[in-house]
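So that the names make sense, note that chain A is the first sequence line, chain B the second, and so on, each numbered from 1.
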Amino acid sequence: DAGITQSPRHKVTETGTPVTLRCHQTENHRYMYWYRQDPGHGLRLIHYSYGVKDTDKGEVSDGYSVSRSKTEDFLLTLESATSSQTSVYFCATNLGQGTSYNSPLHFGNGTRLTVT
Amino acid sequence: GENVEQHPSTLSVQEGDSAVIKCTYSDSASNYFPWYKQELGKGPQLIIDIRSNVGEKKDQRIAVTLNKTAKHFSLHITETQPEDSAVYFCAASRTGNQFYFGTGTSLTVIP
C-alpha cells in the first residue's frame, strides 16, 4: 500500500549497538512517520517528517533520531540500542495536514527488532 | 494530548454474527477517525474512516458511527467471515499529522 518498503524486516542486535531502520516510499507523500507497536500500547509515534530535512518529535522520541535527505527515504536510528527498544517498528506516510481535510496513514509491513 | 480508549481488547464471534468495537476519545477538536485492520505479520490497513461532519458511514459489511457529543465512535462488522479475523485499531486525529491510536481489538471469527 502506497509503495512503502521497510528494511530490514527482522533484526537482532545487542544492547549498546547502533541500529538504523530504513523506510522507502514511491508515492511522493509529503509526510512520513515512524511508529512502534507494543502489546497493550497500540501504535505510538516516535518521530515524523513533513518534508526533506524537516522532522519533529512524537510521544516516544527519547533514544531515537531520524533523518530525511530525500522525499522517498526516512531513516530511524537507535544510537545505542536498549532492551526497552525491542519492538515492531512501522513506517507510515500520508499526504499531509490541513484542518479541513485529513488523509489516512498508509503503513509498511514493519521491522521486528530484538535487542538482546 | 489526545487519549483514545478501545474496547474490548478481544472479541470472539460466530461466523455470520455481528461484531462491534468501540472507541472513545478525549480531545473534542479531533475531527478524523480512521479504522485499521492488521493481519499477522503485516502493517495496519485502512478499512474505513469517518470525518466529524458525518454521523455514519457504510462500506458493504462495515460501518462506522460517530457521536461527537459523547466523543465515541464504533466499528460495526455484519455477517462476519473467518477472513475478518485480525486485530483492529481505531485512531483519532485533528491535525492530519498527529494520529492517536487505540490499543487494538483482536477479533476471532469462529467458523
Side-chain angles (χ1 to χ4, degrees), chain A residues 1-7 9-10 21 23 25 29-51 54-61 74 87-112, chain B residues 1-10 21 23-54 57 59 62 64 66 73 86-106:
Chain A
D1 193 8
I4 302 171
T5 304
Q6 292 186 234
S7 59
R9 290 296 314 277
H10 303 272
L21 308 183
C23 178
Q25 58 129 340
H29 283 173
R30 178 183 173 190
Y31 279 69
M32 298 185 75
Y33 308 79
W34 278 107
Y35 285 87
R36 61 177 289 174
Q37 184 175 43
D38 305 287
H41 290 277
L43 291 147
R44 293 180 292 173
L45 181 64
I46 304 171
H47 283 280
Y48 69 98
S49 169
Y50 47 97
D54 293 322
T55 65
D56 205 350
K57 296 179 179 180
E59 60 182 310
V60 290
S61 60
F74 193 33
S87 186
V88 181
Y89 292 86
F90 287 98
C91 175
T93 73
N94 74 350
L95 289 170
Q97 86 298 1
T99 55
S100 61
Y101 177 79
N102 294 326
S103 65
L105 294 174
H106 302 266
F107 286 87
N109 284 325
T111 294
R112 182 173 294 275
Chain B
E2 172 72 281
N3 181 44
V4 177
E5 295 189 356
Q6 183 173 346
H7 298 281
S9 57
T10 60
I21 302 170
C23 289
T24 61
Y25 61 99
S26 60
D27 186 351
S28 58
S30 289
N31 57 14
Y32 178 59
F33 307 92
W35 284 90
Y36 289 86
K37 176 183 181 182
Q38 186 178 24
E39 297 176 339
L40 199 61
K42 296 187 176 181
Q45 297 287 312
L46 179 74
I47 55 171
I48 196 167
D49 57 7
I50 191 167
R51 303 182 192 280
S52 59
N53 59 347
V54 176
K57 183 177 179 181
D59 183 3
I62 295 174
V64 57
L66 172 65
F73 55 113
V87 179
Y88 292 81
F89 291 95
C90 62
S93 176
R94 66 178 179 92
T95 63
N97 57 15
Q98 289 277 7
F99 287 78
Y100 295 89
F101 287 83
T103 51
T105 296
S106 178

With only heavy atoms counted, which part of B:Gln6 is less than 4.5 Å from chain A, the side chain, the backbone, both or neither?
neither
Can you tell which part of A:Arg9 gets under 4.5 Å to a heavy atom of chain B, answering side chain, backbone, both or neither?
side chain
Side chain, backbone, both or neither of A:Gln37 within contact of chain B (heavy atoms, under 4.5 Å):
side chain
Flag if over 12 foreign heavy atoms under 6.0 Å of CZ, A:Arg112:
no
Taking the side chain as every heavy atom from C-beta outward, state whether A:Leu43 and B:Tyr36 have any pair of such atoms under 4.5 Å apart.
no
Atom of [X], atom of [Y] and distance for their closest heavy-atom approach:
X        : Y       : result
A:Leu45  : B:Gln98 : CD2-OE1, 3.5 Å
A:Gly42  : B:Phe89 : CA-CE2, 3.9 Å
A:Pro104 : B:Tyr32 : CB-OH, 3.2 Å

Does the separation of the ring centres of B:Phe99 and A:Tyr35 fall below 6.0 angstrom?
no
B:Gln45 CD to A:Asn109 CG distance, which is reported to the nearest 0.5 Å:
7.0 Å
